[in-house]
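So the structure is just underneath, and the comments pick up after that.
None of the values given here were measured: they were computed from a predicted structure.
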Amino acid sequence: MPSSVIRFFRYAPETRELKVTFVSGRLYVYEDVPPEVAAAFRNAGSKGTFFNREIRDRYVYRDITREYAG
């Protein structure tokens with residue numbers, strides 16, 4: 001199901017990093033996210049609700065928007 005908040009996300013199991021691109025254009029990387037959390041996020045009916053409940057404010061993150069802006 002499309003999200004009104006999250007445009008795209010990618011999980012790298014080898015580094016346990018979850019990169020999330022928001023509809024606003026902001027890009028964040030969340031560190032040390034367990035694979036089972038990433039899988040549950042992928043399967044969630046509401047990505048925004050899951051993100052707010054299970055990821056936001058639970059994992060260390062970096063704003064990497066400028067790194068990808070060119």
Side-chain angles (χ1 to χ4, degrees):
M1 169 181 269
S3 173
S4 61
V5 178
I6 296 168
R7 180 178 296 155
F8 180 79
F9 65 93
R10 176 176 293 149
Y11 182 67
E14 64 280 355
T15 59
R16 293 171 55 111
E17 289 185 338
L18 178 69
K19 290 182 182 174
V20 181
T21 303
F22 292 89
V23 172
S24 68
R26 305 298 300 189
L27 176 59
Y28 293 87
V29 60
Y30 292 82
E31 300 175 4
D32 203 28
V33 176
E36 55 273 11
V37 172
F41 185 37
R42 184 177 303 108
N43 295 323
S46 172
K47 303 292 189 260
T49 299
F50 184 91
F51 175 83
N52 287 332
R53 190 179 64 237
E54 302 294 336
I55 298 171
R56 193 181 104 205
D57 299 329
R58 291 184 178 228
Y59 297 96
V60 174
Y61 67 91
R62 298 184 323 271
D63 181 342
I64 60 171
T65 306
R66 289 186 179 207
E67 294 175 33
Y68 287 86

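- For the pair Val20/Leu27, no side-chain contact is recorded, criterion being any heavy-atom separation below 4.5 Å from C-beta on.
- Under the rule for a side-chain hydrogen bond (donor to acceptor under 3.5 Å, both in side chains), Arg10 has no partner lying at least two apart in sequence or in another chain.
- Not counting sequence neighbours, Asn43 has no partner by the side chain to side chain contact (heavy atoms under 4.5 Å, CB included) test.
- Ring orientation note: the planes of Phe22 and Tyr28 are nearly perpendicular, at an angle over 60° on the 30°/60° scale.
- Taking the side chain as every heavy atom from C-beta outward, Val33 and Tyr11 approach each other to under 4.5 Å.
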Exercise. Determine, stepwise, if the pair Lys19 / Phe8 fulfils side chain to side chain contact (heavy atoms under 4.5 Å, CB included).
Key: CA-CA 8 Å; Lys19 290 182 182 174; Phe8 180 79; over 6 Å; no
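- With sequence neighbours excluded, the residues forming a side-chain hydrogen bond (donor to acceptor under 3.5 Å, both in side chains) with Glu31 are Arg62, listed by chain and number.
- When the salt bridge (charged side-chain N to carboxylate O under 4.0 Å, His left out) test is applied to Asp63, the partners found at least two apart in sequence or on another chain are Arg26.
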Exercise. For Ile6 and Phe41, run side chain to side chain contact (heavy atoms under 4.5 Å, CB included): C-alpha distance rounded to whole Å, both residues' side-chain angles, the deciding distance at 0.1 Å, then the answer.
Key: CA-CA 11 Å; Ile6 296 168; Phe41 185 37; 3.7 Å; yes
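- Arg58 has its side chain out of reach of Tyr30: every pair of non-hydrogen atoms, C-beta onward, lies at least 4.5 Å apart.
- Residues satisfying the side chain to side chain contact (heavy atoms under 4.5 Å, CB included) test with Ala40, not counting sequence neighbours, are Phe50.
- Counting only heavy atoms from C-beta outward, the side chains of Leu18 and Ile55 approach each other to under 4.5 Å.
- Applying the side chain to side chain contact (heavy atoms under 4.5 Å, CB included) rule to Pro34 yields the partners Arg16, Glu36, Val37, Tyr59; only residues at least two apart in sequence or on another chain are considered.
- Thr49 pairs by the side-chain hydrogen bond (donor to acceptor under 3.5 Å, both in side chains) definition with Ser46, not counting sequence neighbours.
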